[in-house]
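No hydrogens, no waters, no symmetry mates; every other heavy atom, side chains included, goes into these values. Every chain is numbered from 1, with letters handed out A, B, ... down the list of sequences.
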Amino acid sequence: MAAGDALASVDHLITQEAVSAYAEASGDFNPIHIDAEFAAGSHFGRRIAHGMMIAATVSELMAGEFGLDWARSGKLKLRFRAPVFPGDQIQTRGTIKKIDELQEGGRRITCTVVTVRNPSDPGEGDSEEVAITAQTSVVVA
Amino acid sequence: MNDNPVDYAALSAGQTVSRQVCLLDDATISAYVAAVDDGSPLAGSEFVTPMAVAALSVRGVVNDLRIPGGTLHLGQEIEFTDAVRVGETITCAAELSQNSLRGASRILVVGLSVTTGNGRTVMTGKSTIAVPA
């Protein structure tokens with residue numbers, strides 16, 4: 001593992017059913033997520049996914065790479081850059097930014113993570129939009 | 001959503017805005033994992049997928065501050081400090097750290113702290129939200 005290495009990306013299709021299930025599971029019933037009529041009159045013009053639902057893919061990526069170390073020492077700082085709409089395909093991908101040896105033992109791995117909606121393959125043009133930018137770190141043995 | 005309005009302008013930094021106790025039982029965590037379709041190795045394990053803890057701490061803010069429709073979540077910081085096992089009970093506390101007016105929105109920055117029944121701190125964080133002014 002070295003600076004510049006890519007982490008295994010996480011892909012999801014965001015459906016309205018999943019957004020509604022997230023509202024139930026999280027207790028966040030903001031109508032912008034679940035009420036089509038309310039959302040139509042909002043700045044976005046339609047329902048959007050919960051930010052924390054999309055942010056969960058950042059944690060999923062880090063837990064997939066670092067397992068329990070992520071739950072014990074993970075740090076996450078993110079900005080929501082653009083909404084994700086039901087029907088969007090999203091991809092969360094990350095790169096190791098740096099690795100620091102710690103005096104107390106172990107290494108702190110700092111990563112740059114981004115979530116995009118409607119990801120495009122290389123050479124397919126640039127239809128994707130950044131939904132989340134994040135910096136994460138985790139301490140490993 | 002709660003229809004009773006909160007005077008957000010009257011909230012001051014240092015004020016505790018939420019405190020909720022939540023049992024992280026299998027049904028609660030399974031519903032969360034299914035909703036986010038978490039494919040990581042922590043999902044379905046004896047440990048709580050950590051973002052579930054964060055989501056439940058934010059729930060306390062949403063409910064106790066009676067966050068209105070149209071509120072936007074601008075940013076989030078989280079630090080996980082210990083793993084939580086399924087079946088543990090957590091207490092989620094939130095304290096307002098910043099309250100300012102920006103254009104047509106009121107920006108609230110809320111500090112989060114999550115502890116278990118035996119006093120272990122398992123998560124701290126900070127949510128930045130924009131409430132329609």
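Heavy-atom pairs under 4.5 Å with chain A peak, among B:S45, B:S127, B:P41, at B:P41. In terms of non-hydrogen atom pairs under 4.5 Å with chain B, the most contact-rich of A:G67, A:A134, A:S42 is A:G67. Across A:G27, A:A23, A:G51, the residue that shares the most heavy-atom pairs under 4.5 angstrom with chain B is A:G27. Note: A:G74 leads A:A21, A:P83, A:G74, A:S20 in heavy-atom pairs under 4.5 Å with chain B.
A:E60 places a side-chain N or O within donor-acceptor distance of the main-chain N or O of B:G39, the cut-off being under 3.5 Å.
With a threshold of 4.5 angstrom between heavy atoms, B:L72 approaches chain A through side-chain atoms but not through N, CA, C or O. Both the backbone and the side chain of B:V36 come within less than 4.5 Å of a heavy atom in chain A. Heavy atoms closer than 4.5 Å to chain A are found in both the backbone and the side chain of B:Y32. For a residue to count as touching a neighbouring chain, one of its non-hydrogen atoms must lie under 4.5 Å from one of that chain's; by this rule B:I78 touches chain A with backbone and side chain alike. Looking at B:A52, neither its backbone nor its side chain comes within 4.5 Å of chain A, counting heavy atoms on both sides. Proximity to chain A is absent for every atom of B:T49, based on heavy atoms less than 4.5 angstrom apart.
In plain terms, the two heavy atoms of B:A55 and A:Y22 that are nearest each other are CB-OH, 3.5 Å. Closest heavy-atom contact between B:P50 and A:W70: CG-CD1, 3.6 Å. For A:G64 against B:S40, the heavy-atom pair with the smallest separation is N-CB, 4.0 Å. Nearest approach of B:T71 to A:N30, heavy atoms of both residues: O-ND2, 3.6 Å.
Atom CD of B:Q76 and atom CD1 of A:I132 lie 10.5 Å apart (nearest 0.5 Å). Interatomic distance, B:N63 CG to A:D28 CG, rounded to the nearest 0.5 Å: 8.0 Å. To the nearest 0.5 Å, atom CD of residue B:E79 and atom NZ of residue A:K77 are 12.5 Å apart. Remark: A:R79 CZ to B:L74 CG distance equals 5.5 Å, nearest 0.5 Å.
Under the 4.5 Å side-chain criterion, counting only non-hydrogen atoms from C-beta, B:F47 is in contact with A:L68. In this structure the side chain of B:F80 never reaches within 4.5 angstrom of the side chain of A:S73, judged on heavy atoms.
Remark: B:E46 CD is packed, more than 12 non-hydrogen atoms of other residues, nucleotides or ligands lying under 6.0 Å away. Residue A:E104 places its CD atom among more than 12 non-hydrogen atoms of other residues, nucleotides or ligands, all under 6.0 Å distant. Heavy atoms from other residues, nucleotides or ligands lying under 6.0 Å from CZ of B:R120 number more than 12.
B:I90 and B:L42 fall into different hydrophobic clusters, where Ile, Leu, Val, Met, Phe, Trp and Tyr side chains are chained together by heavy-atom contacts under 4.5 Å. A:F66 and A:V139 end up in different hydrophobic clusters when Ile, Leu, Val, Met, Phe, Trp and Tyr side chains are linked at under 4.5 Å.
When each of A:M52, A:M53, A:M62 is paired with B:M51, the side chain to side chain contact (heavy atoms under 4.5 Å, CB included) condition holds for A:M52 and for no other.
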